[in-house]
Amino acid sequence: MTSRDVDLFVIGGGSGGVRAARTAAAAGARVALAENRRMGGTCVIRGCVPKKLMVFASEFREQAALARGYGWNAEAGAFEWQTFRAKLDAELDRLEGVYRNLLTSSGVTIHDMRARVSDPGTVELEDGTRITARHVLIATGGHPVRPDVPNAALGMVSDDIFRMEALPKSMLVVGGGYIACEFACILNGMGVEVTQFYRGPQILRGFDDEARDVVASRMREQGIDLQVNTNVVDLRPAGVGRVEGRISKPNDSVGSASANGLVVATTTSGAEQRFDSLLFATGRAPNSRDIGLEKAGVAVNQRGAIEVDAYSQTAVPSIYAIGDVTDRINLTPVAIREGQAFTETVFKDNPTAPDHDLVASTVFTQPELGTVGLTEEAARGQEEIEVYSTSFNPMRTAFGDRPNQVLMKLVVSRASRKVLGCHIVSDGAGELIQMVGIAVKAGLTKEDFDRTVAVHPTMSEELVTMQTPTRAT
Ligand code: NDP
């Protein structure tokens, strides 16, 4: 074998790439990693972590309202974005440092610049340096995309939210997926007047229908003007007459948006509405362009995702890909598992296919929607099922002045009795579904759930006390 500069070159310093680089280095490999933006990638710098901190920040107004119901003379007052933003920036700096230290202390060489594959065994850095590698791992993630609407560049994308100079008074959120619903709730909690347009009949397509309905009605009760079957067909800056064509070219590149400023949105029904700001949360696309994939012979599908086999190997044997750039399940913990499995396969002589079955996830709306396994609709298309579902107002909000409906739901196979799916809409559903995920992953039956004695008084005790199916097919 010819000698190479490194055993592994990782392109992309997000959750998946960093995990693969560290574990490969720990297994004795000589590893280099290139990242052209901030170390930590989408999750740490412009995704899960800052989003969750914004969720926490946005919940206090509701908590103060609830506290008043319990006799506290509490007012949350006004939310100060600048105070929060300074803390957020400092925390992200700290976390970026942690990620860097994790890599360097593992012996990984960091290149803070863009890298491209120049042939199946060579990577070329932005400064012209060529590094030969036995294996190349593409972990470049994805980026938010704007729809093809005139003047789409007037809208922000999720990357821009964390860098806003000030909170707008009003915001239009376009989209009905994870990011749209989460930010609609966050911004509403922070005191922004939020309107959300979703092009279909109900938000959160693909999630359990009953759960989607509960989340949507709770979002409306909290003051979000959620308009379904509605989309934006035109955008223009306020004060500018409607013109044919674009005022400026929409750009899918990250962080290019003009953030605040009054925009006028024309809807599918022809109505015009004015907003201080607009967020497009209309999906993400893989970062697979301009990294030399075509020349190296790596296959990319129509959506731009790198095609890989069960072991994350591309059509070029020395090149692997993990995480959002492969568009399998686009979640941080999945990318991390894919990174670990890559190291097992390539550097530990232990071929390991990452397990994509029964991955739990949570939409951090208010309330949260935690989910694992099949929806009622998908399960019914597959086999005969029983559905155990209960919706109620939890004790904690008994003294509140707003309905606070939660949902606890199990989808059960009639034949095997296995719990095929669990869907929870409640505060803290993310914490609950993590635990239920173990039981569902273990293939436990409804009777196993029934044998488990309730913890009382809790919301989740309903998951082990529902006796009679709500529906059966
Ligand atoms: P999603 O794919 O979840 O949602 C995109 C939304 O935009 C959908 O409602 C879609 O509608 C709508 N949309 C797409 N194109 C258009 C258009 N041209 N005009 C109007 N609406 C449009 O993407 P997100 O960006 O919200 O999130 C990307 C992924 O990131 C998620 O799927 C998830 O894997 C991950 N993520 C996970 C989080 C978590 O775990 N909590 C949080 C955030 C992101 P339609 O339904 O009709 O297609």
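Whatever order the structure lists ligands and atoms in, that order sets their numbers, starting from 1.
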Going through the checks in order, is the side chain to side chain donor-acceptor pair (under 3.5 Å) test met by S312 and R328?
CA-CA 10 Å; S312 303; R328 288 176 281 181; 3.1 Å; yes
Before giving the answer on ring pair (Phe, Tyr, Trp, His ring centres under 6.0 Å), spell out for F364 and F56 the whole-Å C-alpha distance, their side-chain angles and the decisive distance to 0.1 Å.
CA-CA 10 Å; F364 290 97; F56 292 139; 8.7 Å; no
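Remark: the S413 side chain and the E383 side chain contain an N/O donor-acceptor pair separated by less than 3.5 Å. No hydrogens or angles considered: nothing links the side chains of Q340 and T23 as a donor-acceptor pair under 3.5 Å. In this model, no donor atom of one side chain and acceptor atom of the other lie less than 3.5 Å apart for T345 and Y320.
Near ligand 1, K51, P147, G175, G176, G177, Y178, I179, E182, Y198, R199, R205, N231, A281, T282, G283, R284, N330, L331, T362, F364 each place a heavy atom less than 4.0 angstrom from the ligand.
E344 is linked by a side-chain contact (heavy atoms from CB on, under 4.5 Å) to K348, N350, T352, counting only residues two or more places apart in sequence or in another chain.
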